[in-house]
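Written below as structure tokens is the structure these notes are about.
Counting starts at 1 for both ligands and their atoms, following the listed order. Hydrogens, waters and symmetry mates play no part in the numbers below; they use all other heavy atoms, side chains included.
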Amino acid sequence: MSDKLWEKIQEAFPNAKQSVPLARYTTFKIGGPAQYLIPVKNTEELQQALAIASAHDLPYFVFGGSSNMLVSDEGFAGVAIKIEMNAYSVADDTVIADAGVVTAALTRASIDAGLAGFEWGIGVPGTIGGAVRGNAGAFGSEIKDVIESVQALVDGEVRTFTNAECAFHYRDSIFKHNSGIVLGATLKLKFDEERGGLKKMMEFLEKRNKTQPKGFASTGCIFKNFEFTEIDPAWANKNIPQEFLDKKRISAGWLIEHSGMKGEKEGAAMVSETHGNFVVNTGGATAAEVKALVEKIKQKVYDSYGIGLEEEIQYIG
Ligand SMILES: Cc1cc2nc3c(=O)[nH]c(=O)nc-3n(C[C@H](O)[C@H](O)[C@H](O)COP(=O)(O)OP(=O)(O)OC[C@H]3O[C@@H](n4cnc5c(N)ncnc54)[C@H](O)[C@@H]3O)c2cc1C
């Protein structure tokens, strides 16, 4: 049965793979095998891959840059669909990009076209599809600030969502809740009259190099920053910076650092010494080790501040 299925998959997708370690694809370099991995180059191929999964009762997930996920050591018993839709175009102040376009590449393209507003994207690994789903952001901007509309496949139907319909929030969008697969996005930028985009981009890169771990595999920030509406009186003697209290958002990295977790290890997984919200793979770390470390961090932050951190990363398998 499964060999027949593999033959069918290969026939439709000559570049598909069987039992392929997902660690090869994730920026964390962690993750067991996907039963099947199907790269898709357009909406029709995506629909075909989904139809195969559905016909054989196999679960599926889609991925772009795999830069925001932890894949289990057991891997994924189903179909991993790699979004490889890579076309984009720029006309006037509008950029139209397929979901698989690399975010940093689109930043470069927008700057080359004399457009401003997406310079911060240079340091965000992964693809536009992943960035839209998680409302990625950096340096005070989020992708929601530049999105005009998003095309997505929802319940088998291709639909266009306006910015408002995307229901963007901090690291959140409707696509996290309606199982929509992002097909592409239209970005509305500004004309960069002063041509300052390149300089801005270089400044962002430089800041990143100073504040993020270098030389280790990671999956970016593990946790969301902690958002709140009311100040907890229990924080009175905790020296939480006023800036965080004013913004009603406390940096997860700050909480982790001040809970004394920097440098903490579980096997080969370690809380970065450079940035408390990064767990780095010091070489051969397993997903189980990362998970154990994540639980340890949560417990320590809760014990120190009474705050329950929530993961920004997605668990697969
Ligand atoms: C070193 C480093 C630095 C980072 N810095 C930042 C940062 O500054 N700001 C920030 O926001 N993030 C940051 N991240 C996290 C990550 O880069 C972003 O979340 C990114 O937008 C994820 O895109 P991706 O294509 O890699 O998504 P993936 O990791 O491939 O997928 C993430 C989730 O989105 C889903 N998904 C992927 N593509 C689609 C699609 N087309 N349609 C629907 N669902 C989809 C997946 O199923 C999964 O659940 C960083 C990561 C690393 C490794």
Side-chain angles (χ1 to χ4, degrees), residues 22 25-31 34 37 40 42-43 46 49-50 59-71 76 78-86 97-107 119-145 150-154 158 161 166 168 170-185 204-205 207-209 211-225 251-253 272 274-275 277-281 311-317:
L22 286 167
Y25 295 84
T26 60
T27 57
F28 224 164
K29 302 202 186 312
I30 293 175
L37 188 146
V40 296
N42 53 48
T43 305
L46 171 63
L50 292 171
Y60 72 87
F61 77 96
V62 302
F63 68 102
S66 312
S67 63
N68 194 27
M69 56 170 64
L70 179 66
V71 178
F76 186 76
V79 186
I81 302 175
K82 185 167 186 324
I83 302 292
E84 289 189 350
M85 311 163 178
N86 295 329
D98 285 350
V101 173
V102 170
T103 302
L106 202 65
T107 290
E119 296 86 352
W120 57 271
I122 193 67
V124 179
T127 61
I128 290 299
V132 166
R133 180 180 184 271
N135 187 22
F139 301 109
S141 298
E142 292 173 319
I143 201 157
K144 77 167 172 50
D145 304 334
V150 171
Q151 269 215 330
L153 187 68
V154 185
V158 177
F161 292 74
C166 291
F168 287 118
Y170 170 59
R171 298 295 178 266
D172 197 25
S173 78
I174 195 164
F175 308 108
K176 278 195 174 179
H177 308 281
N178 68 1
S179 308
I181 300 178
V182 176
L183 302 171
F204 285 148
L205 271 181
K207 272 192 202 161
R208 245 165 211 273
N209 280 337
T211 54
Q212 290 189 357
K214 279 190 287 255
F216 290 115
S218 81
T219 197
C221 288
I222 295 284
F223 297 101
K224 293 181 191 171
N225 294 324
S251 150
S272 164
T274 319
H275 190 314
N277 203 5
F278 274 62
V279 166
V280 292
N281 179 354
E311 284 91 331
E312 177 179 321
I313 58 166
Q314 311 295 307
Y315 291 111
I316 305 285

Query raised in the report: If you measure from atom 17 (O) of ligand 1 to every heavy atom of Ala104, Cys221, Ser173, Pro125, which option wins on shortest distance?
Result: Pro125
Query raised in the report: What part of Thr219 sits under 4.0 Å from ligand 1 if we count only heavy atoms: the side chain, the backbone, both or neither?
Result: backbone
Report task. Using a 4.0 Å heavy-atom cut-off, say whether Thr27 meets ligand 1 through its side chain, its backbone, both or neither. Result -> side chain
Query raised in the report: Who passes side chain to side chain contact (heavy atoms under 4.5 Å, CB included) against Asp172, sequence neighbours left out?
Result: His169, Lys176, His177
Query raised in the report: Is the shortest distance from a Lys or Arg side-chain nitrogen in Glu312 or Arg171 to a carboxylate oxygen in the other one below 4.0 Å?
Result: yes
**Report entry** Val182 N/O to ligand 1 N/O under 3.5 Å
**Finding:** yes
Report task. Output yes when the distance from some N or O of ligand 1 to some N or O of Ala99 is under 3.5 Å, and no in every other case. Result -> no
Query raised in the report: Judged by non-hydrogen atoms, does Gly134 sit under 4.0 Å from ligand 1?
Result: no
Query - Neighbour count above 12 (heavy atom, 6.0 Å) for Lys29 NZ - result: no
Would you mind writing out the side-chain donor-acceptor pairs for residues 120-134 within the sub-3.5 Å range, not counting sequence neighbours?
| residue | atom | partner | partner atom | Å |
| --- | --- | --- | --- | --- |
| Trp120 | NE1 | Gly117 | O | 3.3 |
| Thr127 | OG1 | Gly130 | N | 3.4 |
| Arg133 | NH1 | Gln314 | OE1 | 3.4 |

Report task. Compute the minimum heavy-atom distance from Glu142 to ligand 1 and say whether it is under 4.0 Å. Result -> no
Report task. Indicate yes or no: does an N/O atom of Gln212 lie under 3.5 Å from an N/O atom of ligand 1? Result -> no
Query raised in the report: Given Gly64, Ala80, Gly130, which has its nearest heavy atom closest to atom 23 (O) of ligand 1?
Result: Gly130
Report task. Using distance alone, determine whether Phe278 and ligand 1 share an N or O pair under 3.5 Å. Result -> no
Report summary line: Restricting to heavy atoms, the pick from Gly129, Gly220, Ala185, Gly137 nearest atom 7 (C) of ligand 1 would be Gly137
Query raised in the report: Ring centres of Phe278 and Phe216 under 6.0 Å apart?
Result: no
Requested in this report: Kindly identify the option in Ala152, Gly121, Ser67 whose heavy atom sits closest to atom 51 (C) of ligand 1.
Outcome: Ser67
Query - Within reach of ligand 1, part of His275 (heavy-atom separation under 4.0 Å) - result: neither
Query raised in the report: Okay, side chain of Asn135, backbone of Lys144: is any donor-acceptor separation there less than 3.5 Å?
Result: yes
